[in-house]
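One structure below.
Model, not experiment: these values are computed from the prediction.
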Amino acid sequence: MNIDKFTIASYDQITGFDRTNGSLDLILDELTDFNLSNSEDKSEITGKGGRVIGTLKKNKRVTGSGTNGFLCGGALAAQTGAEIEDGKYLIRYTDPITVSENKGVTSETAIGAIGNEIGTIYVRNENNAYISGGKKLTQTSGEPGAGEFSYNPDTKTITFFAGEIADGTEVIAFYDANVTGKKISNDADHYSKTLALYIDVTCKDVCDNMFHGQFIIDRADFSGTFDLQGGADPVAQSFEFTSLPNLCTGKSELWRFIIFD
């Protein structure tokens, strides 16, 4: 391989590891763009007649920024200073329900005070509106009367007042439910993480030989400033970090670049 004349053909992936225990914290392997910026400040030293007789260089700085095509839970945790937790969590569930024979069934088990697990059910009007003109039904713990419904959380069955809601009518309920999943919390008292980062690249020399390279950053301080944008295009994840010298080992390297076959 000829490293006098070569290009970085692609940034392949970025892996981040906990600096204390070495555990894998993130993998960004769908990089749509990435930039490793290097800069330093330079002050001119002037002499007689204002001519420049030297320069004073300081404040060398390395920052990395890019976009990953997928959201990465580990990167979100690094940006928010969180841990990824497994467990059961309470969410607000949106449940469209079709009425049949004065009954309906919730998709999840509604959680709440007995007799008020759901609270309110909204019925579409002729314009398919729930809120602006739609009818509201109130939960009761006994037999439902006009404008009421009851709920059995053991069977997830809703019972409406007989004949009030026609078969095939879609109603909607909003209720709390327990789900099994993963949680990332953006806590106001926790800040973004500093990780050991490895940036894998593919290189190519002037003779079209392909080889590998890796940037090693011992202390990559992730920024907690980021956007999660959505819309017509899929949500991508932007990220940024600053390289810090590894002072605990006495080294001042901002990155090391290893090139290998």
Side-chain angles (χ1 to χ4, degrees), residues 8-40 59-91 178-203 211-230 234-261:
I8 294 177
S10 65
Y11 284 96
D12 300 326
Q13 71 172 16
I14 298 175
T15 51
F17 296 83
D18 186 282
R19 297 187 67 252
T20 301
N21 59 34
S23 64
L24 176 66
D25 272 23
L26 65 85
I27 300 177
L28 298 169
D29 57 0
E30 291 291 343
L31 296 167
T32 58
D33 64 86
F34 180 73
N35 187 49
L36 194 61
S37 300
N38 301 264
S39 65
E40 66 180 11
N59 296 336
K60 184 175 280 190
R61 180 180 175 87
V62 171
T63 59
S65 60
T67 306
N68 198 58
F70 288 123
L71 291 180
C72 168
L76 281 175
Q79 291 170 314
T80 57
E83 300 300 327
I84 301 175
E85 303 175 50
D86 291 288
K88 287 187 174 293
Y89 304 106
L90 201 65
I91 64 162
N178 279 322
V179 296
T180 299
K182 297 181 182 292
K183 182 179 73 172
I184 300 172
S185 298
N186 192 358
D187 192 307
D189 293 325
H190 292 171
Y191 297 92
S192 53
K193 297 179 182 178
T194 300
L195 303 178
L197 221 59
Y198 299 83
I199 305 168
D200 291 302
V201 302
T202 297
C203 301
F211 49 95
H212 300 288
Q214 186 177 83
F215 290 93
I216 301 171
I217 299 176
D218 292 327
R219 295 178 66 205
D221 183 8
F222 274 80
S223 171
T225 301
F226 62 98
D227 296 317
L228 294 176
Q229 296 180 332
V235 178
Q237 184 166 12
S238 60
F239 60 92
E240 183 176 349
F241 61 84
T242 300
S243 177
L244 304 174
N246 193 9
L247 298 180
C248 64
T249 63
K251 295 181 179 180
S252 58
E253 297 169 333
L254 296 177
W255 52 254
R256 302 186 298 282
F257 186 37
I258 312 299
I259 303 170
F260 57 98
D261 288 326

Checking Gln214 against Val201 for the side chain to side chain contact (heavy atoms under 4.5 Å, CB included) test, could you report, in this order, the C-alpha distance in whole Å, the side-chain angles of both residues, the deciding distance, and whether it holds?
CA-CA 6 Å; Gln214 186 177 83; Val201 302; over 6 Å; no

Flag the pair Asp218 and Lys251 as a salt bridge only when some basic side-chain nitrogen lies within less than 4.0 angstrom of an acidic carboxylate oxygen.
no

Inspect the contact between Glu83 and Lys193 and indicate whether a charged nitrogen and a carboxylate oxygen are less than 4.0 angstrom apart.
yes

Which pair of heavy atoms, one from Phe211 and one from Phe260, lies closest together, and at what distance?
CB-O, 3.5 Å

For the pair Tyr198 and Phe17, name the ring-plane relationship: parallel under 30°, tilted 30 to 60°, perpendicular over 60°.
perpendicular

Which heavy atom of Gln79 sits nearest to which heavy atom of Ser238, and what is that distance?
NE2-O, 2.9 Å

Apply the side-chain contact (heavy atoms from CB on, under 4.5 Å) test between Phe241 and each candidate in Leu195, Thr63, Ile217, Thr194; give the one that qualifies.
Ile217

Ile199 CD1 to Gln13 CD distance, which is reported to the nearest 0.5 Å
11.0 Å

Evaluate the side-chain proximity of Lys183 to Ile84: yes if any heavy-atom separation is below 4.5 Å, no if none is.
no

Those residues at least two apart in sequence (or on a different chain) that pass salt bridge (charged side-chain N to carboxylate O under 4.0 Å, His left out) with Lys182 are Asp86

Roughly how far, to the nearest 0.5 Å, is OG of Ser243 from CD1 of Ile216?
12.0 Å

If only side-chain N and O atoms count, and only distance matters, is there a donor-acceptor pair under 3.5 Å linking Asn68 with Glu30?
no

Does any non-hydrogen side-chain atom of Thr32 lie less than 4.5 Å from one of Tyr11?
no

Check: Phe239 and Leu31 side chains under 4.5 Å, non-hydrogen atoms
yes

Closest heavy-atom pair, Ala220 versus Leu197, reported as atoms and distance to 0.1 Å, is CB-CD2, 3.7 Å

Could you tell me if the side chain of Phe215 sits less than 4.5 Å from the side chain of Asp200, heavy atoms only?
no

Reported CD-to-CG distance for the pair Gln237 and Leu26, which is rounded to 0.5 angstrom:
9.0 Å

Using atom types as modelled and distance alone, determine if a side-chain donor or acceptor of Asp12 lies under 3.5 Å from a backbone N or O of Thr202.
yes

Considering only heavy atoms from C-beta outward, does the side chain of Leu36 approach that of Val62 to under 4.5 Å?
yes

Note: Ser252 and Pro245 closest approach over all heavy atoms is CA-CB, 3.8 Å

Can you tell me how far CD of Glu240 sits from CZ of Phe222, rounded to the nearest 0.5 angstrom?
10.5 Å

If you compare all heavy atoms of Cys72 against all heavy atoms of Leu28, which two are closest, and at what distance to 0.1 Å?
CB-CD2, 3.7 Å

If every non-hydrogen atom of Thr242 is compared with every non-hydrogen atom of Arg61, which pair is closest and at what distance?
OG1-NH2, 3.9 Å

Do Asp187 and Ser185 pass the side-chain hydrogen bond (donor to acceptor under 3.5 Å, both in side chains) test, and can you show the C-alpha distance, the side-chain angles, and the key distance before you say yes or no?
CA-CA 6 Å; Asp187 192 307; Ser185 298; over 6 Å; no

As an exercise, state the distance from CG of Asn178 to CG of Leu90, rounded to the nearest 0.5 Å.
5.5 Å

Yes or no on side-chain hydrogen bond (donor to acceptor under 3.5 Å, both in side chains) for Thr67 and Asp33, after CA distance, side-chain angles and deciding distance?
CA-CA 5 Å; Thr67 306; Asp33 64 86; 3.1 Å; yes

Kindly check if the number of other-residue, nucleotide or ligand heavy atoms within 6.0 Å of OH (Tyr89) is above 12?
yes

